[in-house]
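Have a look at the structure below, then the notes.
As the structure is a computational prediction, the values presented were derived from the model and not from experiment.
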Amino acid sequence: MLYRLLLVSLLGSLGAFAQTAQVDPLTLPTRDTHQNLTIAADPYVTADRYSKAQFGKTSPYEAGIVAINVYFRNDNDAPIRIDPSAILLMISVPRQDHEKLLPLTPEEVANRAILNGNVNLSAPRLPFPGSGSGSGKRKAWEEMTSMLRPLVLSTDVLPPHATTHGFLFFDVDHQFDAIRYSSVYVPDLYFMMDKKALLFFEIDLHAAPSN
């Protein structure tokens with residue numbers, strides 16, 4: 001019991017390092033709530049939402065990538081484990097094949113936006129020339145990744161009675177209208193104290209604002 005109390009106290013302190021949500025997830029129309037956990041999603045589907053102050057000079061929107069701000073509100077007395085890499089964007093446009101998209105890393109977003117996908121991100125170093133236009137692209141690539149990294153949802157532990165948020169990026173190939181036929185699917189959640197799994201969450205985006 002003492003161990004558990006110390007763990008909860010530590011997790012509460014760690015929560016201060018997560019992105020603090022200024023928006024209450026309960027006020028967003030696109031949300032799912034059960035087991036005292038609320039997950040909400042706010043998709044950015046218009047160019048004007050991608051401000052330079054937040055996303056930098058190169059917008060993910062221009063590369064056909066949608067940013068979705070995902071909020072987690074934990075009203076339990078126990079911390080919850082989150083796996084951001086397992087979250088999917090499920091697209092179900094009528095009369096089209098259904099799609100399941102994994103979130104992109106900041107490096108992958110910059111790759112599509114700056115380099116048009118023509119780079120092997122698994123290489124030890126980015127294959128930029130040492131001078132000329134290549135060095136300019138390298139600088140732009142590094143600036144974009146530096147801007148995006150603090151924005152991305154990276155929290156893997158949600159302390160009790162805490163709220164956090166972060167962006168997930170999905171390549172929708174400029175088909176932003178498809179978001180109204182999409183949902184954010186959040187699996188692999190569990191309470192850290194007893195390892196009890198939570199049911200999956202599915203946030204239907206059809207009611208998301210069109211701005």
Side-chain angles (χ1 to χ4, degrees), residues 18-51 53-55 59-76 80-106 108-109 112-113 148 150-156 158 161-190 197-211:
Q19 293 190 51
T20 302
Q22 297 179 345
V23 175
D24 185 348
L26 295 177
T27 66
L28 295 174
T30 46
R31 65 182 186 274
D32 187 8
T33 302
H34 56 77
Q35 295 170 279
N36 291 324
L37 175 66
T38 296
I39 304 179
D42 180 16
Y44 285 24
V45 294
T46 56
D48 61 305
R49 297 201 70 183
Y50 294 81
S51 68
Q54 187 172 30
F55 292 95
S59 170
Y61 183 89
E62 296 173 359
I65 295 170
V66 64
I68 302 179
N69 205 351
V70 183
Y71 295 80
F72 292 80
R73 171 170 163 165
N74 182 11
D75 291 316
N76 291 280
I80 295 174
R81 172 70 73 177
I82 303 169
D83 183 2
S85 66
I87 300 175
L88 298 173
L89 180 65
M90 315 281 284
I91 302 177
S92 303
V93 178
R95 296 181 296 278
Q96 295 186 20
D97 293 337
H98 294 184
E99 294 186 73
K100 298 178 182 180
L101 302 181
L102 286 167
L104 302 173
T105 65
E108 289 170 330
V109 174
R112 287 162 168 77
L148 296 182
L151 302 180
V152 170
L153 178 67
S154 58
T155 304
D156 58 0
L158 180 60
H161 302 288
T163 301
T164 189
H165 77 110
F167 283 94
L168 295 175
F169 296 91
F170 299 93
D171 189 346
V172 295
D173 194 23
H174 300 276
Q175 303 301 311
F176 296 100
D177 287 342
I179 295 300
R180 71 182 68 178
Y181 303 105
S182 303
S183 61
V184 175
Y185 177 75
V186 186
D188 300 340
L189 300 163
Y190 63 87
L198 286 82
L199 297 175
F200 71 86
F201 285 69
E202 189 165 6
I203 302 93
D204 190 344
L205 300 181
H206 83 275
S210 58
N211 56 21

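Without hydrogens or angle criteria, Thr30 side chain to Leu205 main chain gives no donor-acceptor distance under 3.5 Å. In this structure, Asn74 contributes its side chain and Ala162 its backbone to no donor-acceptor pair below 3.5 Å. At distances below 3.5 Å, at least one donor-acceptor pair connects side-chain atoms of Tyr50 with backbone N or O atoms of Ala67. Distance alone, capped at 3.5 Å, is enough to place a donor-acceptor pair between the His161 side chain and the Asn76 backbone. A donor-acceptor distance shorter than 3.5 angstrom exists from the side chain of Arg31 to the backbone of Leu26, with no hydrogens or angles considered. Between the Gln35 side chain and the Leu199 main chain, a donor and an acceptor come within less than 3.5 Å of each other. With His165 contributing its side chain and Arg73 its backbone, the two residues share no donor-acceptor pair below 3.5 Å.
Contact between Leu148 and Phe55 at its shortest, heavy atoms only, is CD2-CD2, 4.0 Å. Taking each heavy atom of Ser85 and Leu102 in turn, the nearest pair found is O-CD2, 3.7 Å. When all heavy atoms are compared, the tightest approach of Pro43 to Ala208 is CG-CB, 3.6 Å. Taking every heavy atom of both residues into account, Tyr190 and Ala197 meet most closely at CB-CA, 3.7 Å. For the pair Ile65 and Phe169, the tightest heavy-atom approach, listed with the atom from each and the gap, is CG2-CB, 3.8 Å. The shortest heavy-atom contact between Leu28 and Ala40 is CD1-CB, 3.7 Å.
For the pair Ile39 and Val184, the minimum side-chain heavy-atom distance is 4.5 Å or more. Taking 4.5 Å as the limit, every side-chain heavy atom of Asp32 sits out of range of all side-chain heavy atoms of Val186.
The CD atom of Glu99 sits 9.5 Å away from the OG atom of Ser92 when rounded to the nearest 0.5 Å. In this structure, the separation between CG on Asp188 and CZ on Arg81 is 12.0 Å, given to the nearest 0.5 Å. A distance of 7.5 Å separates CD1 of Ile82 from CG of Leu37, quoted to the nearest 0.5 Å. With rounding to the nearest 0.5 angstrom, the CE atom of Met90 is 4.5 Å from the NZ atom of Lys100. For the atom pair CD of Gln175 and OH of Tyr181, the computed distance is 12.0 Å after rounding to the nearest 0.5 Å. Interatomic distance, Ile91 CD1 to Phe170 CZ, rounded to the nearest 0.5 Å: 9.0 Å.
Ring geometry, Tyr61 versus Phe176: the interplanar angle falls under 30°, so the pair is classed parallel (tilted spans 30 to 60°).
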> Do Asp42 and Tyr44 pass the side-chain hydrogen bond (donor to acceptor under 3.5 Å, both in side chains) test, and can you show the C-alpha distance, the side-chain angles, and the key distance before you say yes or no?
Replying inline: CA-CA 7 Å; Asp42 180 16; Tyr44 285 24; 4.5 Å; no

>> Please determine whether side chain to side chain contact (heavy atoms under 4.5 Å, CB included) holds for the pair Val172 and Leu89, giving the CA-CA distance in whole Å, both sets of side-chain angles, and the decisive distance to 0.1 Å.
In response: CA-CA 10 Å; Val172 295; Leu89 180 65; 4.0 Å; yes

> Where do Leu153 and Ile87 land on the side chain to side chain contact (heavy atoms under 4.5 Å, CB included) test, with the steps shown first?
Replying inline: CA-CA 10 Å; Leu153 178 67; Ile87 300 175; 4.0 Å; yes

> Could you go step by step and tell me if Phe167 and Gln54 meet the side chain to side chain contact (heavy atoms under 4.5 Å, CB included) rule?
Replying inline: CA-CA 11 Å; Phe167 283 94; Gln54 187 172 30; 3.6 Å; yes

>> Between Leu101 and Asp171, does the side chain to side chain contact (heavy atoms under 4.5 Å, CB included) criterion hold? Intermediate values first, please.
In response: CA-CA 8 Å; Leu101 302 181; Asp171 189 346; 5.7 Å; no

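With sequence neighbours left out, His174 forms a ring pair (Phe, Tyr, Trp, His ring centres under 6.0 Å) with no residue at all.
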